[in-house]
Amino acid sequence: MSSIKDRKKTTVLSFGAKKARGEKITVLTAYDCFIAGLLDRAGVDCILVGDSASNVIHGFDSTLPITMDIMVAHTAAVARGTQKALVVADMPFLSFQPSVEVAITNAGRFLKEGGAEAVKMEGGLEMVPTIKRVIECGIPVMGHIGLTPQSIHSFGGPKVQGKDDSSRAYLMESALALEEVGCFSMVLELLNADVAGEITAALKKAATIGIGAGPDCDAQVLVTNDMLGLRKEGFRPKFLREYADLTPVIVDAVERYICDVKDGKFPDKDESYGK
Ligand code: KIV
């Protein structure tokens with residue numbers, strides 16, 4: 001692995017260049033400075049400050065409750081810990097849907113206060129006019145179609161998208177329209193793999209970022225807590241590959257600490273000050 005200082009900074013332009021070369025792109029989520037630094041050191045191309053923070057950091061059952069202020073604080077922490085990866089902030093529920101003005105103001109906050117280099121906005125055809133105006137203001141946008149968790153109640157649960165002709169047509173039209181207005185990339189979440197492959201092939205410039213969308217996307221993204229095994233018991237979607245199981249590692253460390261404190265073994269002389 002090359003040292004972080006020898007690596008080039010990833011920008012939104014790197015996404016199109018990598019897509020053109022057929023080079024896969026890696027994306028992971030982070031919500032704090034320390035984990036962001038580790039992902040960056042390992043060489044991930046892009047760090048998404050996902051509104052999944054609502055679930056995996058704040059313990060809510062959906063992404064709906066998280067606010068702009070909380071997301072800006074997470075984004076600023078991630079930006080402070082990142083040198084080379086592209087930092088993208090996820091615009092939370094109702095931070096961009098009400099009007100173009102609200103969308104521009106809130107997207108701008110992520111760049112001005114959060115240090116993000118781009119924002120992610122959920123939604124297909126219906127959000128395209130808003131996304132176009134945000135991009136025209138100089139704010140790069142990552143789109144997000146398929147199962148968009150901010151609309152979970154409208155979908156009636158986490159259902160795989162692109163199963164019938166009208167859903168496929170809507171997804172393809174949305175992807176083409178998002179590319180047309182200048183999205184540099186777009187997340188394809190929980191889609192039949194063949195639909196994601198067709199969309200990826202149809203897009204000339206915008207890179208597709210799959211999560212539960214099969215192997216043909218230009219990029220892949222996972223929620224870092226999930227792929228490290230720091231997830232709620234029972235949460236194990238088919239698309240999730242667990243690269244580490246940190247839960248028993250942490251529980252074991254804490255159990256040993258508790259025992260040592262109770263037994264008077266921590267701290268010892270070397271861990272104490274004075275004589
Ligand atoms: O919020 C998030 O983490 C996301 C990714 C799963 C794409 O939107």
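Just so you know, residue 1 is the first one in the sequence shown, and it goes up from there. Only a predicted model underlies this, so the values are computations on that prediction, with no experimental measurement involved. Only this structure's heavy atoms are used, side chains among them; waters, hydrogens and symmetry mates stay out.
- Using a 4.5 Å cut-off on side-chain heavy atoms (C-beta onward), Lys18 and Asp218 make no contact.
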Between Phe93 and Ser151, does a side-chain contact (heavy atoms from CB on, under 4.5 Å) hold up when you go through it step by step? CA-CA 9 Å; Phe93 182 52; Ser151 307; over 6 Å; no

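- With rounding to the nearest 0.5 angstrom, the CD atom of Gln220 is 10.5 Å from the CZ atom of Phe239.
- Checked by atom type and distance alone, the side chain of Gln150 pairs as donor or acceptor with a backbone atom of Met91 at under 3.5 Å.
- Here the CD-CZ distance, from Glu173 to Arg168, works out to 14.5 Å after rounding to the nearest 0.5 Å.
- Atom NZ of Lys265 is separated from atom SG of Cys259 by 8.0 Å, given to the nearest 0.5 angstrom.
- Other residues, nucleotides and ligands place no more than 12 heavy atoms under 6.0 Å from the NZ atom of Lys163.
- Across all their heavy atoms, Val87 and Ala79 have their closest contact at CG2-CA, 4.4 Å.
- Residues Thr29 and Val49 are not in side-chain contact: their nearest non-hydrogen atoms beyond the backbone lie 4.5 Å or more apart.
- In the hydrophobic clustering of ILVMFWY residues, with side-chain heavy atoms under 4.5 Å counting as a link, Phe60 and Ile57 come out apart.
- When atom types are taken as modelled, the side chain of Asp40 and the backbone of Ala85 share a donor-acceptor pair closer than 3.5 angstrom.
- Within a 6.0 Å sphere centred on CG of Asp268, heavy atoms belonging to other residues, nucleotides or ligands number more than 12.
- In the model, Asp164 has a side-chain atom that pairs as donor or acceptor with a side-chain atom of Ser166 under 3.5 Å.
- Of the possible polar contacts, none joining the Ser174 side chain to the Gly124 backbone as a donor-acceptor pair under 3.5 Å is found.
- Side-chain contact check for Leu203 versus Leu176: some heavy-atom pair is nearer than 4.5 Å.
- Closest heavy-atom contact between Ser52 and Val223: OG-CG2, 4.0 Å.
- Between the side chains of Thr26 and Asp45, at least one donor N or O sits under 3.5 Å from an acceptor N or O.
- We find the CZ-CD1 distance between Phe15 and Ile25 to be 5.5 Å, quoted to the nearest 0.5 Å.
- Both Tyr257 and Leu246 are members of a single hydrophobic cluster when ILVMFWY side chains are connected at heavy-atom separations under 4.5 Å.
- Counting only heavy atoms from C-beta outward, the side chains of Ile70 and His58 approach each other to under 4.5 Å.
- Separating the CD1 atom in Ile104 from the CD1 atom in Ile135 is a distance of 11.0 Å, to the nearest 0.5 Å.
- Residues Val251 and Val56 do not share a hydrophobic cluster, defined by chaining ILVMFWY side chains whose heavy atoms lie under 4.5 Å apart.
- Side-chain contact between Val100 and Pro129 is absent, with no heavy-atom pair separated by less than 4.5 Å.
- Cluster membership for Leu230 and Leu39, using ILVMFWY side-chain heavy atoms within less than 4.5 angstrom, is shared.
- Residue-environment remark: CZ (Arg21) exceeds the threshold of 12 foreign heavy atoms within 6.0 Å.
- Within a 6.0 Å radius of CD in Glu180, other residues, nucleotides and ligands contribute 12 heavy atoms or fewer.
- For Lys9, the NZ atom sits in a packed shell: over 12 heavy atoms of surrounding residues, nucleotides or ligands are nearer than 6.0 Å.
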Does the salt bridge (Lys or Arg N to Asp or Glu O under 4.0 Å) test come out yes or no for Asp252 and Arg256, once each step is laid out? CA-CA 6 Å; Asp252 175 64; Arg256 287 188 290 112; 3.2 Å; yes

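- More than 12 heavy atoms of other residues, nucleotides or ligands lie within 6.0 Å of NZ in Lys84, so this atom counts as buried by the packing criterion.
- Side-chain N or O atoms of Glu189 include none that pairs as donor or acceptor with a backbone N or O of Thr148 at under 3.5 Å.
- Side-chain N or O atoms of Thr63 include none that pairs as donor or acceptor with a backbone N or O of Ser54 at under 3.5 Å.
- Expressed to the nearest 0.5 Å, how far CE of Met68 lies from CZ of Phe96 amounts to 11.0 Å.
- Side-chain contact between Asp90 and Met71 is present, with heavy atoms from C-beta onward closer than 4.5 Å.
- In this structure, Ser185 contributes its side chain and Ala207 its backbone to no donor-acceptor pair below 3.5 Å.
- For the pairing with Ile145, the side chain to side chain contact (heavy atoms under 4.5 Å, CB included) check across Thr208, Leu188, Leu125, Leu191 returns one residue only, Leu188.
- Hydrophobic clustering places Val128 together with Ile199 (ILVMFWY residues linked when any side-chain heavy atoms are closer than 4.5 Å, directly or through intermediates).
- Using modelled atom types, one side-chain atom of Gln161 and one backbone atom of Lys159 make a donor-acceptor pair closer than 3.5 Å.
- Between Ala196 and Ala213, the closest heavy-atom pair is CB-O, 3.2 Å.
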Does Ile139 form a side-chain contact (heavy atoms from CB on, under 4.5 Å) with Leu111? I'd like the steps, not just the answer. CA-CA 8 Å; Ile139 302 171; Leu111 272 63; 3.9 Å; yes

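- Asp165 CG: 12 or fewer foreign heavy atoms inside a 6.0 Å radius.
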Going through the checks in order, is the side-chain contact (heavy atoms from CB on, under 4.5 Å) test met by Met121 and His144? CA-CA 6 Å; Met121 294 165 72; His144 185 159; over 6 Å; no

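- In this structure, Ile47 and Leu86 have side chains that are not in contact, with every pair of non-hydrogen atoms separated by 4.5 Å or more.
- Checked by atom type, the side-chain pair Thr75/Tyr31 shows no donor-acceptor distance below 3.5 Å.
- At least one donor-acceptor pair under 3.5 Å links the side chain of Asp32 to the backbone N or O of Phe34.
- Using a 4.5 Å heavy-atom threshold, the side chains of Ile209 and Met186 count as separate.
- One N or O on the side chain of Arg231 and one on the backbone of Phe235 form a donor-acceptor pair closer than 3.5 Å.
- Checked by atom type and distance alone, the side chain of Glu113 never pairs as donor or acceptor with a backbone atom of Phe110 at under 3.5 Å.
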